[in-house]
**Student:** 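Structure in structure tokens, see below.
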Amino acid sequence: MRLWRFQASALSIVAVLVTTALLVALGCWQIQRGHDKRDLLRRYAAVLAQPATAFNPAQAATDAVIHVHALGYYDTQRQVLLDNRSSHEQPGYEVWTPLRLQQGTLVMVNRGWIPRTAAGQPLPQLPAPGGLVDVDGYWREFPQPGLRLGGTPPCEKAASYPVIVNYPREQDLACLLGEPVARGLLLLNADAPGGYVREWDFNNGFPPVRHYAYAAQWFALAVTLLALFIKLNLKRTDD
């Protein structure tokens, strides 16, 4: 009579069980991240639907979205272009224009995306509404690169404007402009005048469904590992 017997060493069993537990834990972690991102997007949607509140320049920005409006004057003589930004796979810049608040504080306003100029061509003119303007937008922290290489470059005030930058920090902007700036970036509302292409993505390009897809992959790996381990160690023997 032929019987099935499971023949595996204790060490291999422990190793497979530990690895399976790790894969399952990673899947659960991704599910939790998906739930957190879903809740975050719901809060974002609630904020975007609310009327703008008066901007407080002393409030440091975070990853939360705050809908605000600020009164001030655009400084078109000291504009900054954030490099390596794309729209529909076309390379370009984001236009950051200083806004002088009535209280005197300088705030950077992201007025949207423009296409990259051809090699050898001068940078475009970047007009903005003149006089006192009421800027409606979203107060966010400065965008961060996935990886920042090298140390902090020496502080040098820009010799001419607009100046092209790569993910500047608060201290970098203060150095370029020659004075302190508020601790965050004001994203100009898509309906507000004086801007360019504005398709603000509060998702950060990582929707909840992608977390759930990664969780499914981790769980599938765990099931596959167990199935292969059992198949390879299940032997038929003669009784």
**Student:** Transitively linked via ILVMFWY side-chain contacts under 4.5 Å: Val95 with Phe142?
**Tutor:** no
**Student:** Using side-chain contact (heavy atoms from CB on, under 4.5 Å) as the criterion, point out the one residue from Asn84, Leu82, Val80, Thr117 that pairs with Tyr93.
**Tutor:** Thr117
**Student:** Show your working on side-chain contact (heavy atoms from CB on, under 4.5 Å) between Val163 and Trp96 and close with a plain yes or no.
**Tutor:** CA-CA 10 Å; Val163 59; Trp96 293 11; over 6 Å; no
**Student:** Could you list the residues that satisfy ring-ring contact (aromatic ring centres under 6.0 Å, His included) with Tyr212, not counting sequence neighbours?
**Tutor:** His35
**Student:** If the condition is side chain to side chain contact (heavy atoms under 4.5 Å, CB included), which residues does Asp39 pass it with, not counting sequence neighbours?
**Tutor:** Arg42, Arg43
**Student:** Taking a hydrophobic cluster as the set of Ile, Leu, Val, Met, Phe, Trp and Tyr residues connected by side-chain heavy atoms closer than 4.5 Å, whether directly or through intermediates, do Val24 and Trp218 fall within one such cluster?
**Tutor:** no
**Student:** Which pairs of donor and acceptor atoms, one on a side chain in residues 103-111, lie under 3.5 Å apart (sequence neighbours left out)?
**Tutor:**
| residue | atom | partner | partner atom | Å |
| --- | --- | --- | --- | --- |
| Asn110 | OD1 | Gly112 | N | 3.0 |
| Asn110 | ND2 | Glu94 | OE1 | 2.8 |
| Arg111 | NE | Thr97 | OG1 | 2.8 |
| Arg111 | NH1 | Pro127 | O | 3.0 |
| Arg111 | NH1 | Gly194 | O | 2.6 |
| Arg111 | NH2 | Gln79 | OE1 | 3.0 |
| Arg111 | NH2 | Thr97 | OG1 | 3.4 |
| Arg111 | NH2 | Leu126 | O | 3.3 |
| Arg111 | NH2 | Pro127 | O | 3.2 |

**Student:** Can you name the residues that form a side chain to side chain donor-acceptor pair (under 3.5 Å) with Arg78, not counting sequence neighbours?
**Tutor:** Asp75, Glu179
**Student:** Please tabulate, for side-chain N and O atoms in residues 14-21, each donor-acceptor pair with protein atoms closer than 3.5 Å (sequence neighbours left out).
**Tutor:**
| residue | atom | partner | partner atom | Å |
| --- | --- | --- | --- | --- |
| Thr19 | OG1 | Ala15 | O | 2.8 |
| Thr20 | OG1 | Val16 | O | 2.7 |

**Student:** Does CD belonging to Gln77 count more than 12 external heavy atoms closer than 6.0 Å?
**Tutor:** no
**Student:** Mind checking salt bridge (charged side-chain N to carboxylate O under 4.0 Å, His left out) for Arg116 and listing every partner two or more places apart, or none if nothing turns up?
**Tutor:** Asp83
**Student:** Anything under 30° is parallel, anything over 60° is perpendicular, the rest tilted; go ahead and classify Trp139 against Phe55.
**Tutor:** perpendicular
**Student:** Out of curiosity, Leu132 CG to Leu101 CG, how far, rounded to the nearest 0.5 Å?
**Tutor:** 10.0 Å
**Student:** For the pair Tyr138 and His67, evaluate side-chain contact (heavy atoms from CB on, under 4.5 Å) and give the outcome as yes or no after the intermediate values.
**Tutor:** CA-CA 5 Å; Tyr138 307 105; His67 191 190; 3.6 Å; yes
**Student:** Is there any ring-ring contact (aromatic ring centres under 6.0 Å, His included) pair reaching into residues 174-195, and which pairs are they, with sequence neighbours excluded?
**Tutor:** none
**Student:** Is there side-chain contact between Pro98 and Val181, with at least one heavy-atom pair below 4.5 Å?
**Tutor:** no
**Student:** Could you measure the distance from the CG atom of Asn233 to the CZ atom of Arg5? Nearest 0.5 Å is fine.
**Tutor:** 15.0 Å
**Student:** With the side chain counted from C-beta on, respond yes when Tyr167 and Pro143 share a heavy-atom pair under 4.5 Å apart, and no when they do not.
**Tutor:** yes
**Student:** Just by modelled atom types, is the Ala61 backbone N or O under 3.5 Å from a matching donor or acceptor in the Arg183 side chain?
**Tutor:** no
**Student:** Looking at every non-hydrogen atom in both residues, tell me the closest pair between Arg198 and Tyr196 and how far apart they are.
**Tutor:** NE-O, 2.9 Å
**Student:** Identify, with sequence neighbours excluded, every residue that meets ring-ring contact (aromatic ring centres under 6.0 Å, His included) alongside Phe229.
**Tutor:** Phe6
**Student:** In chain order, what residues pass the side chain to side chain donor-acceptor pair (under 3.5 Å) check against Asp134, with sequence neighbours excluded?
**Tutor:** His69
**Student:** Using the salt bridge (Lys or Arg N to Asp or Glu O under 4.0 Å) rule, take Asp36 and Arg33 through it: C-alpha gap first, then chi angles, then the decisive distance, then the call.
**Tutor:** CA-CA 5 Å; Asp36 293 342; Arg33 291 197 66 187; over 6 Å; no
**Student:** Among all residues two or more places apart in sequence or in another chain, which pass the side chain to side chain contact (heavy atoms under 4.5 Å, CB included) test with Ser9?
**Tutor:** Leu11, Ser12
**Student:** Any chance you could lay out the side-chain contact (heavy atoms from CB on, under 4.5 Å) test for Leu81 and Ile114, step after step, and finish with the verdict?
**Tutor:** CA-CA 9 Å; Leu81 298 178; Ile114 60 172; 4.3 Å; yes
**Student:** Decide yes or no on side-chain contact (heavy atoms from CB on, under 4.5 Å) for Asp172 and Val165, but give the supporting numbers first.
**Tutor:** CA-CA 9 Å; Asp172 302 323; Val165 298; over 6 Å; no
**Student:** Evaluate the side-chain proximity of Phe219 to Leu23: yes if any heavy-atom separation is below 4.5 Å, no if none is.
**Tutor:** no
**Student:** Answer with yes or no whether the hydrophobic clustering places Val209 together with Tyr214; edges join I, L, V, M, F, W, Y residues whose side-chain heavy atoms lie under 4.5 Å apart.
**Tutor:** no
**Student:** Once rounded to the nearest 0.5 Å, what's the spacing between atom CD of Glu170 and atom CD of Glu141?
**Tutor:** 12.0 Å
**Student:** What residues form a side chain to side chain contact (heavy atoms under 4.5 Å, CB included) with Ser87, not counting sequence neighbours?
**Tutor:** Trp113, Val197, Glu199
**Student:** Just verifying a value: how many Å separate Thr76 OG1 and Tyr161 OH, rounded to the nearest 0.5 Å?
**Tutor:** 12.5 Å
**Student:** State the CD1-CG distance between Ile230 and Leu225, to the nearest 0.5 angstrom.
**Tutor:** 9.5 Å
**Student:** According to a 4.5 Å side-chain heavy-atom criterion applied to Ile, Leu, Val, Met, Phe, Trp and Tyr, with indirect links allowed, do Ile164 and Leu177 form part of one hydrophobic cluster?
**Tutor:** no
**Student:** Tell me every residue that passes side chain to side chain contact (heavy atoms under 4.5 Å, CB included) with Pro129, counting only those two or more places apart in sequence or in another chain.
**Tutor:** Tyr74, Val133
**Student:** Do you know which two heavy atoms are closest between Gly34 and Pro208, and how far apart they sit?
**Tutor:** O-CB, 3.6 Å
